> 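This structure is in structure tokens; I'll ask about it shortly.
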Amino acid sequence: MQITLKNPLDMHLHLRDGAMLDAVAPFSAKSFVAAVIMPNLTPPIDSLESAKAYKQSIVDSIHSYAKAHKQPLESLAFEPLCALYITDSLTPKVLESCANSGFKLLKLYPKGATTNSDNGIAQVMDSKMRALFSVAQDQGMILCIHGESGGFVLEREMEFGVVLRELATSFPRLKIIVEHLSDHRTIPLLEEYDNLYATLTLHHITLDLNDVAGGMLCHHHFCKPVLKTPKDKQALLELALNAHKKVSFGSDSAPHSLESKQKGAAGIFSAPALLPQLAELFDKHNALHNLQAFVSDNAMRIYELACWVEAAKSWEKSPKLITLEKSPSKIPESIPCLDSSLRPLRAGEMIAWREV
Ligand code: DOR
Ligand code: ZN
């Protein structure tokens, strides 16, 4: 059995920089036509100059890989959609210049919520932030949010709902994306507010807190927001399997070296073999017919990619077609990176599908 996906999109991806970028970017470039690239680098990507430079470094990294491995560039055609980190130095003027240059995505981290969020925002609804959101709304920008409070770890997303409600009602023309939805209690907000959307990761729809702390502690499954209850997992899985019109796929693949993981860094590196795992999951639940919408069509529509991403016009003419086949493949044990390595989600496991 085979299925061919047209223009897969990963709407939440950490590619890092330097050697780690070189090690991880080819996985995404092979399987996806574009991805939303997270800006939580050191220093953060919070200006037009740094966004342009970061985008170029991703393109250069993929080109170098193609050259070194004698692979045709078309097979690695990949558009990095770099998001801007909302820091204290991001002014309305900077926002306008970014939007005019085609950088339409904003990423809001509450201060201290996750990896490299020290430059995030302490008061999300203060007057300075409201002024920014107002400009973002007028410029047709999209606000991607790490939606967690600083409270008890299992209640953080639910508690952040107050902010989401206020944002959604105060800026009704601003599209707001609740990133890596993790709690079933957030789902009704998607139904309630027209301008509220979400991304779903593979790990939040397939794993729960037992996979982190139910047996021996598994730091490879530690991420933010933390994996929650089986009930949460099931509710999120259903959104994905039905390709609910308010959700799109965003892997939140977040590589950390083994040493950093051992020290407690949050993040799951899922980029190797994402599409085969999604095909396996959707097949198991007789939902393969919804995979195209979940990994591409919904995002094209929600983010209006055809309107503001120049390259999207050519994706339509010569789409990136990824064929997946129901035949076993093995997820790599580890990916070398400098003098360390990265451990992918389900490292070393056999799965039922593979990318042709
Ligand atoms: O688990 C996570 N890792 N969640 C985030 O929000 C950030 C990410 C990272 O950058 O490592
Ligand atoms: Zn992330």
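Since we're looking at a predicted model, the values are computed, not measured. Remember, it's 1-based here, ligands and their atoms both numbered in the order they're listed.
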> If you take the centroid of each ring, where Trp contributes its six-membered ring, are H203 and H221 closer together than 6.0 Å?
no

> With no hydrogens and no angle check, do the side chains of D60 and Q56 hold a donor and an acceptor under 3.5 Å apart?
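A donor-acceptor contact under 3.5 Å links the two side chains.
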
> Can you find a pair of side-chain heavy atoms, one from N290 and one from L241, that are under 4.5 Å apart?
no

> Which heavy atom of P344 sits nearest to which heavy atom of L342, and what is that distance?
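Minimum heavy-atom separation between P344 and L342: CD-O, 3.5 Å.
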
> Do any nitrogen or oxygen atoms of ligand 1 lie under 3.5 Å from a protein nitrogen or oxygen, and which ones?
| unit_1 | atom_1 | unit_2 | atom_2 | d |
| --- | --- | --- | --- | --- |
| ligand 1 | 1 (O) | K224 | N | 2.8 |
| ligand 1 | 1 (O) | G267 | N | 3.3 |
| ligand 1 | 3 (N) | A266 | O | 3.0 |
| ligand 1 | 4 (N) | T114 | OG1 | 3.4 |
| ligand 1 | 4 (N) | K224 | O | 2.8 |
| ligand 1 | 6 (O) | T114 | OG1 | 3.0 |
| ligand 1 | 6 (O) | H146 | ND1 | 3.2 |
| ligand 1 | 10 (O) | H14 | ND1 | 3.4 |
| ligand 1 | 10 (O) | R16 | NH1 | 2.9 |
| ligand 1 | 10 (O) | N40 | ND2 | 2.8 |
| ligand 1 | 11 (O) | R16 | NH2 | 2.8 |
| ligand 1 | 11 (O) | T115 | OG1 | 3.2 |
| ligand 1 | 11 (O) | H256 | NE2 | 2.7 |
| ligand 1 | 11 (O) | A266 | O | 3.0 |

> Would you say the ring centers of Y109 and Y85 fall short of 6.0 Å from each other?
yes

> Taking 2.8 Å as the distance threshold, tell me the number of protein N/O/S atoms next to the Zn ion (ligand 2).
3

> Could you go through the salt bridge (charged side-chain N to carboxylate O under 4.0 Å, His left out) check for K320 and E79 one step at a time?
CA-CA 11 Å; K320 188 161 185 169; E79 177 81 7; over 6 Å; no

> Apply the test salt bridge (charged side-chain N to carboxylate O under 4.0 Å, His left out) to residues K233 and D208: give CA-CA distance (whole Å), side-chain angles for both, the deciding distance (0.1 Å), then the verdict.
CA-CA 6 Å; K233 175 180 66 178; D208 59 49; 3.0 Å; yes

> Are more than 12 heavy atoms from other residues, nucleotides or ligands located less than 6.0 Å from atom NZ of K284?
no

> Among E179, K107, H180, find the residue that satisfies the side chain to side chain donor-acceptor pair (under 3.5 Å) test when tested with H146.
H180

